[in-house]
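As a basis for the values below, the full set of heavy atoms in this structure was taken, side chains included, without hydrogen atoms, waters or symmetry mates. This structure is a prediction, so every number in the text was calculated from the model and none was measured. Index from 1, following the sequence.
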Amino acid sequence: VSYHLRLLRGGGLVTATHSSFDGRDSYYHLDLDRCAEALADTGAALHPALRQDATPPIPPVGQQRSLRLRIAVLFVCTGNSARSPIAEALLRHHTAGRVTVTSAGSRPKPRLHPNTVRVLREAFGIDIADRSPQHLDTLASHRFDHVITLCDKAREACPEFGHHPQRLHWSIPDPATAGDTDQASYPAFQHTAADLDTRVRHLLPVLASTHR
């Protein structure tokens, strides 16, 4: 396994990080867009008829209609002020509200980080300025189909929910810790938002195929 992971890392398809919580675990990140491009190039190399558009697999409108409000997705990070509200807003945006999506934190901040509001507004035209962080405990009785943790500490603290939701973990660094000022940390927020947008877009066909 280590040998093949080294080859994937060398090819730029996989990156690795240690847990920001306690350093025990290693998380391997698959560059989904890079993999999509590589697969498309492989098909084209085999035969011209196999050439495909390397655009990330966003379901067509007809398929997105299968994403009904019966699908409930929860994004979790520690403060619910940066990563999880960005992911929540992006999934709601890409599904035009067809999915019930929310976010919460294990130790929520008093308010959203200013750069969370800024990056969503500037990069995607989404306004969540009136939103406030909420605690995971307020959702204990809710039913979710998917629970996605976004930071390593939240992965350890996230409780078990009833009805056995599918659990995913996206290990994403906290952009708020990237600089001493809001202006200094803004590039990290731009990177985080772009990363989450890619992950959310690749999540769409998974939701569509497992909830028909």
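- Side-chain polar atoms of Ser19 and Glu156 form no donor-acceptor pair below 3.5 angstrom.
- Within the model, atoms NE2 of His164 and CZ of Arg143 stand 10.0 Å from one another, a figure rounded to the nearest 0.5 Å.
- Annotation: the span from Ile128 atom CD1 to Ile86 atom CD1 amounts to 7.0 Å, rounded to 0.5 Å.
- Under the 4.5 Å side-chain heavy-atom criterion for grouping Ile, Leu, Val, Met, Phe, Trp and Tyr, Val76 is not connected to Ile172 through any hydrophobic cluster.
- Counting only distance, with no hydrogens or angles, the side chain of His29 and the backbone of Ser171 share a donor-acceptor pair below 3.5 Å.
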From CA spacing to verdict: side-chain contact (heavy atoms from CB on, under 4.5 Å), Leu90, Leu120: CA-CA 8 Å; Leu90 289 172; Leu120 284 171; 4.2 Å; yes
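- Closest approach of Asp182 and Pro114 over heavy atoms only: OD2-CG, 3.6 Å.
- There is no side-chain donor-acceptor pair under 3.5 Å between His18 and Asp152.
- Nearest heavy-atom pair, Ser84 versus Cys77, reported as atom, atom and distance to 0.1 Å: OG-SG, 3.1 Å.
- With contacts defined as side-chain heavy-atom distances shorter than 4.5 Å, the pair Leu207/His146 qualifies.
- Under a hydrophobic-cluster definition in which Ile, Leu, Val, Met, Phe, Trp and Tyr are linked whenever side-chain heavy atoms come within less than 4.5 Å, directly or via other members, Leu7 and Val14 are assigned to different clusters.
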Intermediate values then yes/no, side-chain contact (heavy atoms from CB on, under 4.5 Å), Arg167 and Glu160: CA-CA 10 Å; Arg167 298 283 293 263; Glu160 294 294 331; 3.7 Å; yes
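- In terms of heavy-atom proximity, Leu112 sits nearest to Asn80 at CD2-O, 3.8 Å.
- Grouping the Ile, Leu, Val, Met, Phe, Trp and Tyr side chains by contacts below 4.5 angstrom, directly or via other members, places Leu91 apart from Leu139.
- In this structure, the separation between CZ on Arg131 and OG on Ser81 is 9.5 Å, given to the nearest 0.5 Å.
- Using a 4.5 Å cut-off on side-chain heavy atoms (C-beta onward), Pro159 and Leu136 make contact.
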side-chain contact (heavy atoms from CB on, under 4.5 Å), that's the test. Do Leu203 and His94 meet it? Break it down for me. CA-CA 10 Å; Leu203 178 68; His94 284 304; over 6 Å; no
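- Interatomic distance, CZ of Arg9 versus OH of Tyr28, reported as 6.0 Å (0.5 Å rounding).
- Counting only heavy atoms from C-beta outward, the side chains of His113 and Pro175 never approach each other to under 4.5 Å.
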I would like to know whether Leu150 and Ile148 meet side-chain contact (heavy atoms from CB on, under 4.5 Å); could you show each step before the answer? CA-CA 6 Å; Leu150 304 179; Ile148 303 174; 3.9 Å; yes
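- Annotation: side chain of Arg201 is in contact with side chain of Asp33 (closest heavy-atom distance under 4.5 Å).
- Connection of Leu168 to Leu74 is not established within any shared hydrophobic cluster, with ILVMFWY side chains joined at heavy-atom distances below 4.5 Å, either directly or through further cluster members.
- In this structure, Arg92 contributes its side chain and Val101 its backbone to a donor-acceptor pair below 3.5 Å.
- Here Leu30 contributes atom CG and His202 contributes atom NE2; the two are 9.0 Å apart, rounded to the nearest 0.5 Å.
- The aromatic rings of Trp170 and Phe75 are tilted relative to each other, their planes meeting at an angle between 30° and 60°.
- In terms of heavy atoms, Gly11 sits closest to Arg34 at O-NH2, 3.3 Å.
- Of the possible polar contacts, one joining the Gln134 side chain to the Ser103 backbone as a donor-acceptor pair under 3.5 Å is found.
- Closest heavy-atom contact between Val119 and Tyr186: CA-OH, 3.5 Å.
- Within a 6.0 Å radius of NE2 in His4, no more than 12 heavy atoms belonging to other residues, nucleotides or ligands are found.
- In this structure, the side chain of Asp31 does not engage the main chain of Leu13 through any donor-acceptor pair within 3.5 Å.
- Listed here is the closest heavy atom pair of Arg121 and Ala129: NH2-CB, 3.9 Å.
- Atom NE2 of His169 is surrounded by more than 12 heavy atoms from other residues, nucleotides or ligands within 6.0 Å.
- The closest donor-acceptor contact from the side chain of Ser106 to the backbone of Ala154 lies at 3.5 Å or more, if one exists at all.
- Annotation: cation-pi geometry not satisfied between Arg118 and Phe189 (NZ/CZ under 6.0 angstrom from ring centroid, within 45° of ring axis).
- Taken from CZ in Arg98 to CG in Leu204, the straight-line distance is 10.5 Å, to the nearest 0.5 Å.
- Remark: Arg155 engages Asp25 in a salt bridge, criterion side-chain N to carboxylate O under 4.0 Å.
- Hydrophobic clustering of Ile, Leu, Val, Met, Phe, Trp and Tyr side chains at less than 4.5 Å, counting indirect connections, keeps Ile71 apart from Val147.
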